[in-house]
Structures are given as structure tokens and as C-alpha cells.
Amino acid sequence: MMRRRLIPALTALMLALIVPVPGQHAASAQDGAAVLMADSVFITPDRVLVAEGNVEALQGDTRLTASRITFDRASGRLNVEGPIRIDEGGDITILASAAELDRDLQNGLLSGARMVMERQLQLAAVQMNRVDGRFTQLYKTAVTSCHVCGDGRPPLWQIRARKVIHDEQEQQIYFEDAQFRVRGTTIITLPRFRLPDPTLKRARGFLVPSIRSTSKLGTGLRVPYFIPLGDHRDLTLTPYLSPSTRTLGFRYRQLFLRGAIRFEGAYTRDDLTDDSMRGYLFGTGHFDLDDGYRLAFDIKTASDNAYLVDYGLPDYDRLKSEISLSRYSRDSAFRAEMIYYDSLRDLEFDSTLPTVVPSVRYERRWFPDRIGGELRLGLDVQGHHRSSSLNILGRDITRTTADLSWRRDWTFAQGLRADWRVGLATDLFQIYQDDRFDHNLTRVTPSTALALRYPMTKTTAAGVTHALEPVVQIGWTSVHGKAPPNDESAFVEFDQGNLLSLSRFPAPDRREDGLTLVYGLNWSRFAPSGWQASASIGQVFRREANPDFTRTSGLSGTSSDVLLAGQLQLDRGVALTARALLDGSFNFSKAELRGNWNAGPADIAGTYLWQDEDPAEGRIDALSEIWFDGRYEIDPNWSARANVRYDISDASTTRAGLGLGWQNECVTVDLSVNRRYTSSTSVEPSTDFGFTIALRGFAVEGGTEKYRRSCS
């Protein structure tokens, strides 16, 4: 630590008894790379070394400054006259008016001393003792991380103690006969307690507690307790007590040489349900294996449908657990995974849902010299397993897909670009427990497409660049074989990403068939000031309608809806993104608008969503919702936030929340209230109040000058 590093430097300098030279004098110890500088350095007749006038000792990143230093070789005593300042890399700073130390600087006395740790926590004492170069004892001490004014006003909070001991080796601070004061008023008295110093990153002990009050659980207290288990593991236990619950939460983390794992969960006994035990478990992890492979897992499980909502956890409606093995390189991709789904929706039954989904995917590409272009091979095996043995409702499916394609592009002298692709896909389905379909189904689908693009750009005298690109594609696919059950492609999204696809279904269990014609137009604008905009329009025409496309998918009929999409980004922090499907009657079947405004103290984000009614997609009524999330920094100390989710079609609020925070260099306070209005058979409307207060300074992350109060 700091003072131990200074020992060899000052000892070598003092014992050397260097002969002074005129002017600015300096002495150095070559072995310790130490330097002593002063306006005057001399030796008295009784062999006492004296350095005075702007005395400065340097060794490594440690620096000591004083007005005068004397060293008596006979007694081995070192006297330092202040003002004294000892710095080491900004970690710890000691200020004192005078000091008397032994030859090795291991023991001594400092008067009028103040210790500052990590530029956050300050300990001011009438007297400071150094013991064995490890312990620092402070008497009649005031401890705070708040800014202390020189006019005598007390800081916002402080700890007054008869005796404080700082253990440099263990990085702990021990208090005896301590009083915790707020604005000079004693709030609590403790005979003894211990806190980690700010230099310790992983200290056993209590973390910041929080108060949570809900309409269902009442007012409760969470008190996390952190337990380090070596340098690479830790455990945090969080008891949560309220009139209606007794909960023990936990979080376990471990870091490996080539991976990491994290588990969190809780065990609960409450009076909200008749279950004797409730809880949840979430876990994630990854490991980097040899040859570029990566093993990962993600586990999510809960005891019942309402637990996550009742305890303010992430509000999932389906829990997805998976384990995967993957490897990706420039020309190949491999991923094998096993997924398990657990539905928390009241109207869904896991026995008739495909809860177990294994899959293996492999893709490889080559660049043949003789024919040019890119040759790509893809293999995909996926299964859907339902636990029910009922016919149709308990259907199980295994799909195997092999897809071989060749792609090549040309750019002509006039700027016209042509893209051509040819492919052949084979699908094999094995179907169980559904007598409407054969046990084995095979489909073969050849396909080809030719796309033409003509990109154009123009730059104005003001430096604004416009880009315009018309696109047209003619495609053909021919599906040979019977159609399997629709297990993977129930919901279709039509957007810019699949406008030029030969099949716009999300999975190969459904494929488009026949001749198609696609047109599109892309426009973008870039200005030197940062103003950017882009827009796209597209539509698909086909010879025959595909009955598997729902009405609001935008792809039903022989001509699709018109796809409209755009983005706008201004130099003042405004960003907008919009996408819509416009049908032949100029009505919107789907529309989405997202916006964000970040301007200094304000940060606002919002989303508007519209989806027309479509029983085929499970929507009996039209869906129209708006989300809002905003934060405003009132001043350097105060900040406010709000969020709301409003169902326009029902004219009702589904969720809303408000928050207010205050912080300075030594205190953080947070107040929040959140209301959930929706209900189901397992989840009732509830209101959640939260309150947290944290004292800054006893952690590595602490205050900043931004919040420092003024003494004026």
C-alpha cells in the first residue's frame, strides 16, 4: 500500500545523509528509484539531516510534501512539519499538520490528520497513529463522503466515532462507539461495526437495502448480504420480509478461465396462494471450448403463472430455457440447441404446446472459380414435441431441410446491377399423432430469381447527398409435395428484410409457390449537419394467391399490401422509425411508429402500434396501443421518470409508473410507484411502491464532482 511503498524511499534517503549542494537540492536512491527535493538540505553538527522549504519526496506513484523534515540517525526518529500531504495514485491521501515516525515509518503519530480514500470517503481525526505499517488508528474521528464546508456547517451525513481503525491489508474500517448523524442530529448509536473501505471491490457484508410496498404483499424490506467465495465466485442472499411473505432470494456468480455462470432465484412462503412453496430460478452461462465452439445455456422457470408479477420480476408470458452448442467462422455456421418452453398464459396448456424443440443447423459456403459467385449449402433439423398423447392436439413433428443454392451478381458499365440466384430445397417431415396427415411427407422446391437494381446518387452544392435505388425482381418457385401441418409459420411479418425473399414465411414448413414480381424503391438523404432520412416502398405480385397468408399479414391475395417504411434522424437528438402496410382500399392493416428524443436533460422514447382484427392470428378485435418512457434531469441533483402503456382500442391504461430520484456526492435516494391495471385468472391488478436510500463512498463507484454541493 501507499505508506509501505514510501518506506524504502525515505529510509534510503535519510540514512544516506547526503551532502548538500547550493540551490535546489535533490537526492535519489538508485535501488528504490526515489527522489527527495527541497529548497535546502543540510546536516547539523550532531548528525541530524534537515530538509526544508518545499520538501517533496517521490517514489513510484507515491508523493510526500511537507515544509520541513528532520531525521535523527542516533534515535531513529523522523519528524515532519506540515502542512503534510501524502498521495498514492489517487487511491488514498493523508493530510496532517505534523508527524513523528520511527526509522522504518512503520509506527508513529500524526496530529490534525485527515485521510481521504478514493477521493470519496474522508476521515478527519484529532490524532492518527501508525501501527506496524498496517493499521491506522484514528481518535475522535468524523467520517463522511459528503462535501465538508469550512464554515462549520455539518455535512448531510457523517459517522462520529471515538476510535476508528483502518486495516490496510484487509481493506476494512472498524468503528467503536459510533454515532450516525444527519445534519448534525444523531439518528442511531452503535457500539461497534465494520465497513469496507472504498478500495475493496468485493467485501463481505450488507448491501444497500430497499423498501417495497405493494397492494398485495404490503410493505416489506429487502436486505441483500454479499458473500465473496474467493476471487472468482460470490453469493448474495436477499431476505425479503413483509406481512404477507417470507422470501429468501439468492444470486450466485462464478467466473471461469473460459466462461462464466450466473444463477438467481428465490424461495417464498406467502399467503397469496394455497401453494406451500413458491419461487423462481433464472440461470445463464457460457463456455468457450476448443476449435472455436461455444457452449451456452439459459434457464428460466417459475413455480406458477403469477409469481414473477407478484414480486416485481421481469414480466414474461412464456419462459424459454435452452442449451446450445455453436461455432461460427467466415464460411461456415453450426448451431445445435435444445429449447423448452413453459407458458405462463392462463388460456394456454403446456401439454398441447410444442414445449420441447430440439434443432441442429449447419450452413457452408464456397466460392468456385470456374463458375464464379457463391455456392451455399444449408442443413436444418428441427423437432416439435408435445406431452399430450391426444390426436391432433398432441401432434409431434420432425422436419429435415436441405437447401442448396448458387448466387452471383454483375455490375454493368452504366451502373446497373444484376443479382441471380438458383436453388433447390428438400423438406422431409415425420408426423406423429395427427391422422389428418401422412406419417412421412416429402417436398422438393426448385427456385430461381433475377433482381435488377439501378443505384443513383446526387450531391448538392450544400454538400447534401441523395441516393435513389429502384429495384425489380422476378422470381419463381415450384413446390412438389403435400403440405405439412403449420407448426412454425402461424405469424408472418412483411417488411424490408424479406421483400426480395422467395419465401416470406418465417420457417420452411410453409413455402411460397408460383411466379412473383416484386418492385421496390429506396431513397436516402445525408446532410453534413447530421440530418438523415430514408424511405422505402415495395409490393409483391403473384399469379395465384397463397391461402396460408392471413389477411393482416399483408401478403394475402394476388397483390400484396404496399409496404411503407421510413427513418428520420435529426442533429438535435430526434429519431423516428415507421413501418406500415397499406391495403388496396388505402386502409392500414398494420402500422408501427417508434420515436426517441434525447436533448440535454430530457430523454423520451415512445411507440405506437396498430394491428387490424384477424381471427387467424388470434385477434378478434383491433389492437391499438401506445408506449411511453421518459426521463428528465431537473437539475444536477433531481431527476424524474415516467412510463405508461395505454390501450387506445379499449380506452384504458394497462401499465403506468412514476419515479423520482435525488443524488449528490454522498447520498442517492430513489422513489418509485408502478401500477399494473390488467388482470387474469392468476394475476390481479396491483400497485408497487419502491424506496431506496444509499450512502455513497463505501464502494469503488462513488460520487462525482457533478453533484457536489456549494458552500456559498
Side-chain angles (χ1 to χ4, degrees), residues 95 113-126 128 138-166 172-198 200 203 205-213 219-226 239 241 633-640 659-673 689-712:
L95 307 173
R114 175 178 295 179
M115 179 186 297
V116 182
M117 299 181 178
E118 290 286 329
R119 301 181 182 178
Q120 304 174 48
L121 191 66
Q122 35 186 322
L123 300 86
V126 175
M128 179 186 298
L138 301 97
Y139 298 92
K140 296 183 179 180
T141 308
V143 181
T144 185
S145 61
C146 301
H147 184 56
V148 180
C149 298
D151 56 7
R153 284 183 294 168
L156 182 59
W157 69 264
Q158 62 177 320
I159 301 174
R160 290 275 187 170
R162 180 182 59 83
K163 182 179 180 181
V164 175
I165 300 176
H166 177 226
Q172 299 288 331
I173 304 175
Y174 299 87
F175 296 81
E176 296 183 9
D177 297 332
Q179 298 176 347
F180 179 75
R181 299 183 180 182
V182 176
R183 293 292 190 187
T185 302
T186 301
I187 302 300
I188 188 173
T189 300
L190 297 172
R192 287 182 178 85
F193 72 97
R194 170 185 59 86
L195 291 172
D197 76 24
L200 182 59
F206 291 100
L207 303 179
V208 178
S210 61
I211 297 175
R212 180 173 183 258
S213 178
T219 301
L221 178 66
R222 283 194 175 114
V223 185
Y225 188 81
F226 180 77
L241 303 177
E633 187 175 297
I634 303 171
D635 59 30
N637 297 102
W638 289 94
S639 63
L660 185 65
W662 183 86
Q663 61 181 339
N664 66 359
E665 77 281 359
C666 60
V667 175
T668 298
V669 180
D670 186 82
L671 297 169
S672 65
V673 56
F689 296 91
F691 173 71
T692 303
I693 181 169
L695 303 182
R696 304 160 72 109
F698 295 98
V700 177
E701 296 81 15
T704 167
E705 293 292 335
K706 175 182 178 183
Y707 306 108
R708 190 169 298 282
R709 70 184 178 118
S710 173
C711 292
S712 60

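- Among residues two or more places apart in sequence or in another chain, the side-chain contact (heavy atoms from CB on, under 4.5 Å) test is passed with Ala124 by Arg114.
- Note on ring orientation: taking the six-membered ring where Trp is involved, the planes of Phe206 and Tyr225 are perpendicular (angle over 60°, cut-offs 30° and 60°).
- Counting heavy atoms from C-beta on, the side chains of Leu195 and Gln172 never come closer than 4.5 Å.
- Contact detail for Pro209 and Leu221: the closest heavy-atom pair is CB-CD1, 4.3 Å.
- With rounding to the nearest 0.5 angstrom, the CZ atom of Phe180 is 7.5 Å from the CD1 atom of Ile187.
- You'll find the side chain of Trp662 stays beyond 4.5 Å of the side chain of Leu671, heavy atoms only.
- Using a 4.5 Å heavy-atom threshold, the side chains of Val148 and Gln158 count as separate.
- Residues forming a side chain to side chain donor-acceptor pair (under 3.5 Å) with Ser213 (at least two apart in sequence, or on another chain): Thr219.
- Between Leu123 and His166 the shortest side-chain heavy-atom distance does not fall below 4.5 Å.
- For the residue pair Pro636 and Glu633, the shortest heavy atom distance occurs at CA-OE2, 4.3 Å.
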Give the intermediate values and the outcome of side chain to side chain contact (heavy atoms under 4.5 Å, CB included) for residues Thr141 and Lys163. CA-CA 7 Å; Thr141 308; Lys163 182 179 180 181; over 6 Å; no

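- The two residues Ala640 and Leu660 have their closest heavy-atom pair at CB-CD1, 4.2 Å.
- For the residue pair Cys146 and Thr144, the shortest heavy atom distance occurs at N-OG1, 3.0 Å.
- Heavy atoms from other residues, nucleotides or ligands lying under 6.0 Å from CZ of Arg194 number more than 12.
- By the salt bridge (Lys or Arg N to Asp or Glu O under 4.0 Å) test, Arg212 pairs with Asp688, sequence neighbours left out.
- Of the possible polar contacts, none joining the Asp177 side chain to the Ala161 backbone as a donor-acceptor pair under 3.5 Å is found.
- Scanning both residues, Ser145 and Leu121, for their nearest heavy atoms gives N-CD1, 4.1 Å.
- Looking at heavy atoms from C-beta onward, Phe691 lies in side-chain contact with Val669 at the 4.5 angstrom threshold.
- Here the side chains of Leu695 and Val667 are in contact, with some heavy-atom distance below 4.5 Å.
- Expressed to the nearest 0.5 Å, how far CD1 of Ile211 lies from OG1 of Thr692 amounts to 8.0 Å.
- With hydrogens and angles disregarded, a donor-acceptor distance shorter than 3.5 Å links the side chain of Glu665 to the backbone of His147.
- In this structure, CE in Met115 is found 12.5 Å from CD in Gln122, a value given to the nearest 0.5 Å.
- Of the inter-residue distances, the one linking Leu190 atom CG with Glu176 atom CD reads 12.5 Å to the nearest 0.5 angstrom.
- Considering only heavy atoms from C-beta on, Phe175 comes within 4.5 Å of Ile159 through its side chain.
- From Arg162, atom CZ reaches atom OH of Tyr139 across 8.5 Å, with rounding to the nearest 0.5 Å.
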